[in-house]
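Comments concern the structure below.
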2 protein chains.
Amino acid sequence: MSAETLTKAQQRMLKMVREYIEENHFPPTLSELAKTLDVNVNAVRDHLLALDRKKFLRYVPNISRGIELMQEKPKGIPIYGYVPAGHPFMSQENIVDTFEVQRYISASDDMFGVYVRGDSMKDAQLATGDLLFVDPKRDAQNGVIVVALVEGEPTVKWFYREGSMVRLVPANKKYKPIVIARHDESFKVLGVVVGMIRALDKQRIDSFMKYKKAS
Amino acid sequence: MSAETLTKAQQRMLKMVREYIEENHFPPTLSELAKTLDVNVNAVRDHLLALDRKKFLRYVPNISRGIELMQEKPKGIPIYGYVPAGHPFMSQENIVDTFEVQRYISASDDMFGVYVRGDSMKDAQLATGDLLFVDPKRDAQNGVIVVALVEGEPTVKWFYREGSMVRLVPANKKYKPIVIARHDESFKVLGVVVGMIRALDKQRIDSFMKYKKAS
DNA sequence: ATGAATACTGTATATTTTTACAGTATAAAT
DNA sequence: ATTTATACTGTAAAAATATACAGTATTCAT
């Protein structure tokens, strides 16, 4: 018997526990559960022991309210890779990955975001409205995109180190590269751009446009 | 007296409670706290009552482990908008938003992701390796980008409805639009692309550049 | 058909946990 | 100078909680 199956009564019990914690933010006592489910305390106890054994929660004996829900695995968004024609597209087997936001977002504690404005990075496919994730702790290697502060002005550019100088290159021939001394006081790399997210539905785009006009 | 000041002893108590919950995932009893802090239960009680009054936690009398921490605001990634020159860039006041992933990702329960491959959507700035978020529940309006199944083949295109027909337009003049009957059995819209995320670490950028040159 | 797990009831009892009452001492506030 | 809040101690009692033991009835796989 795989440890994953719960009986009806156990499911009901688990549900009860969840609801209690949801409402009170601390776990219930056996007797409270017994009362709401209108069964004997020992019935409750049996179920909690079973649920603990099956790893749906942790039941600590001898301790009042010694119940801890196992946190459900963070449900990632399934990611389907491209598959050869003829195969059913969206099926378990085609999930090549799941997207757990943490993996992208929580890399560094002081990660921050900046919106892109203007077309200076258009050849790097960064457009107005894109949200960039910037990691201030990451070391800037040649060729990465950085957010830098040049004379008080924040700017997004490709980063190249050339000896004691730094070249900040826009991804648009319309604009000229900035070359500046690495230790110039008016220059500071705020962080390396490690990711980008872009809203693509109509509503989001519209609301962004409004924001743009206002600013 | 503003309700925000805590005495030394109260701070210590709050810290203890936090640590206990961090470790056990359920709240402590008064006596447990008293024991670890080596004070009398009633000292603990006094502090809990004070902490409740000052809204640092909720203390429910007559209930074992009736302690609930007030949850701190979810710490999102701060997003800095572009600011006029001269202003300090990264300061509290410049945070125009915070990124709470849920707002982007959890819109619909059965949201899924697909990786982009190829250059058929390059004028919509979608490149190989981009991860698209697709909402199968969202209604496809004209002009949105959809993931559709055409004769068993998944494809990413602009969506336009033209009477009883549907026009799927690639964002690249190299490729031709697909026009198909709305109710054609070999055609199905899997969902609307509502967002996109792209990793921008060095590897990605390099492979993007290589791909760009090749195309 | 039969042992094992499930799903309970009921009555006690042990233990844990909270509260109540009565103080003492110190620091801050009016 | 005197109240008021803080920060405790100590003992005892009340209550809330968990467990133990002894059953019964039902389901379920072998």
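Just the heavy atoms: all of them, side chains too, but no hydrogens, waters or symmetry mates, feed the values below. We name chains A, B, ... by the order of the sequence lines, and we start the count at 1 in each one.
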Looking only at atom types and distance, does a side-chain atom of D184(A) sit under 3.5 Å from a main-chain N or O of S186(A), one as donor and one as acceptor?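 Yes; at least one donor-acceptor contact below 3.5 Å.
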Give the minimum heavy-atom separation between A124(B) and I145(B), together with the two atoms involved.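 The answer is CB-CD1, 4.2 Å.
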Over all heavy atoms of both residues, which pair between V156(A) and S120(A) is shortest? Give the atoms and the distance, please.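 So the two residues come closest at O-OG, 4.2 Å.
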Rounded to the Å, how far apart are [X] [atom1] and [N] [atom2]?
{"X": "N62(A)", "N": "dA16(D)", "atom1": "CG", "atom2": "C1'", "answer": "15 Å"}
{"X": "L6(A)", "N": "dA5(C)", "atom1": "CG", "atom2": "C1'", "answer": "14 Å"}
{"X": "Q11(A)", "N": "dT6(C)", "atom1": "CD", "atom2": "P", "answer": "14 Å"}
{"X": "L48(B)", "N": "dA5(D)", "atom1": "CG", "atom2": "P", "answer": "19 Å"}
{"X": "L49(B)", "N": "dC8(D)", "atom1": "CG", "atom2": "P", "answer": "14 Å"}
{"X": "L51(A)", "N": "dA5(C)", "atom1": "CG", "atom2": "C1'", "answer": "14 Å"}

Check whether any side-chain nitrogen or oxygen of [X] sits under 4.0 Å from OP1 or OP2 of [N], and answer yes or no.
{"X": "H47(B)", "N": "dT6(D)", "result": "no"}
{"X": "T7(B)", "N": "dA7(D)", "result": "yes"}
{"X": "R45(A)", "N": "dA18(D)", "result": "no"}
{"X": "S64(B)", "N": "dA16(D)", "result": "no"}

So, using side-chain hydrogen bond (donor to acceptor under 3.5 Å, both in side chains) as the criterion, who are the partners of [X] when residues are at least two apart?
{"X": "N40(B)", "answer": "N42(B)"}
{"X": "E162(B)", "answer": "R167(B)"}
{"X": "T36(B)", "answer": "none"}
{"X": "Y20(A)", "answer": "E32(A), R65(A)"}

From dT19(D), dT17(C), dC8(C), nucleotide with atom closest to R65(B) side chain: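 That would be dT17(C).
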Looking only at the side chain of Y59(B) (C-beta and beyond, no hydrogens), which of the listed nucleotides dA7(C), dT19(C), dT6(D) gets closest?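 Looking only at side-chain atoms, Y59(B) lies closest to dT19(C).
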Pairs: protein N or O with nucleotides 9-11 of chain C N or O, under 3.5 Å:
| from | atom 1 | to | atom 2 | distance (Å) |
| --- | --- | --- | --- | --- |
| dT9(C) | OP2 | N40(A) | N | 2.3 |
| dG10(C) | N7 | N40(A) | ND2 | 3.2 |
| dG10(C) | O6 | N42(A) | ND2 | 2.6 |

Can you list everything that forms a salt bridge (Lys or Arg N to Asp or Glu O under 4.0 Å) with R58(A)? Sequence neighbours excluded, please.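 Here the qualifying residues are E68(A).
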Taking only residues two or more places apart in sequence or in another chain, which ones pass salt bridge (Lys or Arg N to Asp or Glu O under 4.0 Å) with K15(A)?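 Result, salt bridge (Lys or Arg N to Asp or Glu O under 4.0 Å) vs K15(A): E19(A).
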Test of understanding: with side-chain contact (heavy atoms from CB on, under 4.5 Å), list the residues that count as partners of [X], not counting sequence neighbours.
{"X": "V146(A)", "answer": "A140(A), V144(A), A148(A), F159(A), L168(A), V189(A), V192(A)"}
{"X": "A9(B)", "answer": "T7(B), H47(B)"}
{"X": "L37(A)", "answer": "R12(A), M13(A), M16(A), V39(A)"}

If you find the nucleotide of DNA chain C closest to G66(B) and the one closest to A9(A), which residue's nucleotide is nearer the 5' end?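 It is A9(A), whose closest nucleotide lies nearer the 5' terminus.
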To the nearest 10 degrees, what angle separates the axes at the start and end of the helix from dA1(C)-dT30(D) to dT30(C)-dA1(D), five pairs each?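 Taking five pairs per end, the axes differ by 40°.
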Those residues of residues 28-36 of chain B lying under 4.0 Å from DNA chain C by at least one heavy atom: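 Those residues are T29(B), L30(B), S31(B).
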